[in-house]
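For reference, positions follow the sequence shown, starting with 1. Ligands are counted one by one from 1 in listed order, and the atoms in each one are counted from 1 as well.
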Amino acid sequence: MSTLLLTSGVLGLKEVSQRRRRRRTWRAHSLHAESKPEKSAIIPRAASLAAGQVAVSSEQKVYDVVVKQAALVRKQLSSNTSIDQKPETAFPGSPSLLKEAYDRCGEVCAEYAKTFYLGTLLMTPERRKAIWAIYVWCRRTDELVDGPNASQITPTALDRWGSRLDDVFSGRPYDMFDAALSDTVSEFPVDIQPFRDMIEGMRMDLRKSRYKNFDELYLYCYYVAGTVGLMSVPVMGIAPESRASTESVYSAALALGIANQLTNILRDVGEDASRGRIYLPQDELARAGLSDEDIFEGKVTDRWRSFMKNQIERARMFFREAEIGVTELNQASRWPVWASLKLYRQILDEIEANDYDNFTKRAYVSKAKKLMALPIAYGKSLVRPSSLLQTNM
Ligand SMILES: CC(C)=CCC/C(C)=C/CC/C(C)=C/CC/C(C)=C/[C@@H]1[C@@H](COP(=O)(O)OP(=O)(O)O)[C@]1(C)CC/C=C(\C)CC/C=C(\C)CCC=C(C)C
Ligand SMILES: [Mn+2]
């Protein structure tokens, strides 16, 4: 098993033998609607407060980030050098050290996310190693609050991790994993904001174990998973023949992160409850006649089943939203994304197959089902972008 070693003192990251879950979120639109929610319900604009005041919803705040990220990448990609044809840039240190750094990132990725790693092998070498470097940074960040040393992690430690991130983006990497990421962000139009936001999600995890409503959970989901979508698109690239707007592709990427996180949350309800955490909207639980105690008791009742059905439907809606964007990615990047989308979405089917017992059973996709999903994902990845999405104005 690989060892991720952060040599900066408090931020020690070690090998993790057990899978840890965490982060679970939801969506603001009515959970009780059977039909697919309207886009306007997905991105509510603003809620009224007292005269003259407006509360901006989490979805609106996150959408503003999406718009900004899309604009940044559009600007940078309008320079006409193709990333896959770019010459190696001079990076401090020897090129062989940099190669070793990327190779180590690949090993970590293969260790922690085997299926996804296989998918990256279809990507161009430049894009693949960049995704590995991002993956490792995300994994290390997650380990801070979810790994074996989590109990020692304080907001100050997260501040230090944030300063180190600034150094990565300024070309002053601390260790070899950071060096790979420094190189990646110098090669691809990747912005620092989603990385900072992921650290913010870790801060949220330190101070919060309940979420009042879906709006709060949505923000958490964006921080810990939607950000991954925003970090990945500039590397995966949008197909040159795509007529979709950059914003719509970013929105789809965000949706996939949210869908994955919601699924992760639903899979891990029991495990989270055992740590005193409930990543489900308190107002929706109350409306379903469920209390924290019901979750801690972990009894699968009809109320719970009905609640879960709605939550699963919401997660599926995000997956549907994400699907629209996958086809718009560069051909070689589509397969790993389709594969991860299909595999993660199947966890929802497995929760159903477990008769909604996510207290004592961990829903998982069998190896056989995983293997079956891969050629289907490959077939999907051959579908070329259509002109159905909005074009950039
Ligand atoms: C192809 C692909 C999936 C690329 C993404 C690669 C990448 C950089 C992944 C980083 C994932 C990571 C380590 C995130 C840290 C936070 C975290 C752990 C989030 C949870 C992931 C699931 O992990 P796991 O089951 O191991 O959970 P536990 O640690 O055990 O709790 C998350 C649920 C979030 C994962 C989110 C994504 C992979 C986002 C996917 C979106 C895209 C790749 C954008 C695709 C583009 C379009 C247009 C749809
Ligand atoms: Mn995991």
Just verifying a value: how many Å separate Arg74 CZ and Ile238 CD1, rounded to the nearest 0.5 Å?
9.0 Å
Would you tell me which option among Met198, Arg139, Met123 has the nearest heavy-atom contact to atom 26 (O) of ligand 1?
Arg139
Value for OH (Tyr117) from CD1 (Ile131), rounded to nearest 0.5 Å, stands at 14.0 Å
Heavy atoms only: which of Ser248, Ser232, Cys109, Gly119 lies closest to atom 5 (C) of ligand 1?
Ser232
Under 4.0 Å from a heavy atom of Gly325: which atoms of ligand 1 are those, numbered in the order shown and with their elements?
48 (C)
Got Met308 and Leu266 here, is their nearest side-chain heavy-atom distance under 4.5 Å?
yes
Is there a heavy atom of Met236 sitting under 4.0 angstrom from any atom of ligand 1?
yes
Atoms of ligand 1 less than 4.0 Å from Val337 heavy atoms?
1 (C), 45 (C)
Do you see a donor-acceptor pair shorter than 3.5 Å between the side chains of Tyr344 and Asn264?
yes
Smallest heavy-atom separation, Leu206 atom then Pro155 atom, equals CD1-N, 3.8 Å
Answer side chain, backbone, both or neither: which part of Tyr344 comes under 4.0 Å from ligand 1, heavy atoms only.
side chain
Under 4.0 Å to a heavy atom of Tyr135 - the qualifying atoms of ligand 1, by number:
7 (C), 8 (C), 9 (C), 10 (C), 13 (C)
Given Ala253, Ala113, Ser333, which has its nearest heavy atom closest to atom 46 (C) of ligand 1?
Ala253
Report the part of Cys138 in contact with ligand 1, treating N, CA, C, O as backbone and CB onward as side chain, heavy atoms under 4.0 Å; options are side chain, backbone, both, neither.
both
Is Val224 touching ligand 1 with its side chain, its backbone, both, or neither, if touching means heavy atoms under 4.0 Å apart?
backbone
Return the set of residues passing salt bridge (Lys or Arg N to Asp or Glu O under 4.0 Å) with Asp64 (not counting sequence neighbours), or none when no residue passes.
none
Region of Asn264 that comes within reach of ligand 1 [heavy atoms, distance under 4.0 Å]
side chain
Just jot down the salt bridge (Lys or Arg N to Asp or Glu O under 4.0 Å) partners of Lys208, sequence neighbours excluded, or say none.
Glu216
Taking 4.0 angstrom as the limit and counting only heavy atoms of Ser340, give me the atoms of ligand 1 inside it, by number and element.
3 (C)
Is any side-chain heavy atom of Phe307 closer than 4.5 Å to a side-chain heavy atom of Arg287?
no
What atoms in ligand 1 come closer than 4.0 Å to a heavy atom of Ile134?
8 (C)
Looking only at heavy atoms, is any part of Phe116 under 4.0 Å from ligand 1, and if so is it the side chain, the backbone, or both, or is it neither?
side chain
Trp338/Tyr378 aromatic ring centres below 6.0 Å
no
For Val249, counting its heavy atoms only, list the atoms of ligand 1 lying under 4.0 Å from any of them.
48 (C)
May I ask you to decide if the ring planes of Phe195 and Phe169 are parallel, tilted or perpendicular, using 30° and 60° as cut-offs?
perpendicular
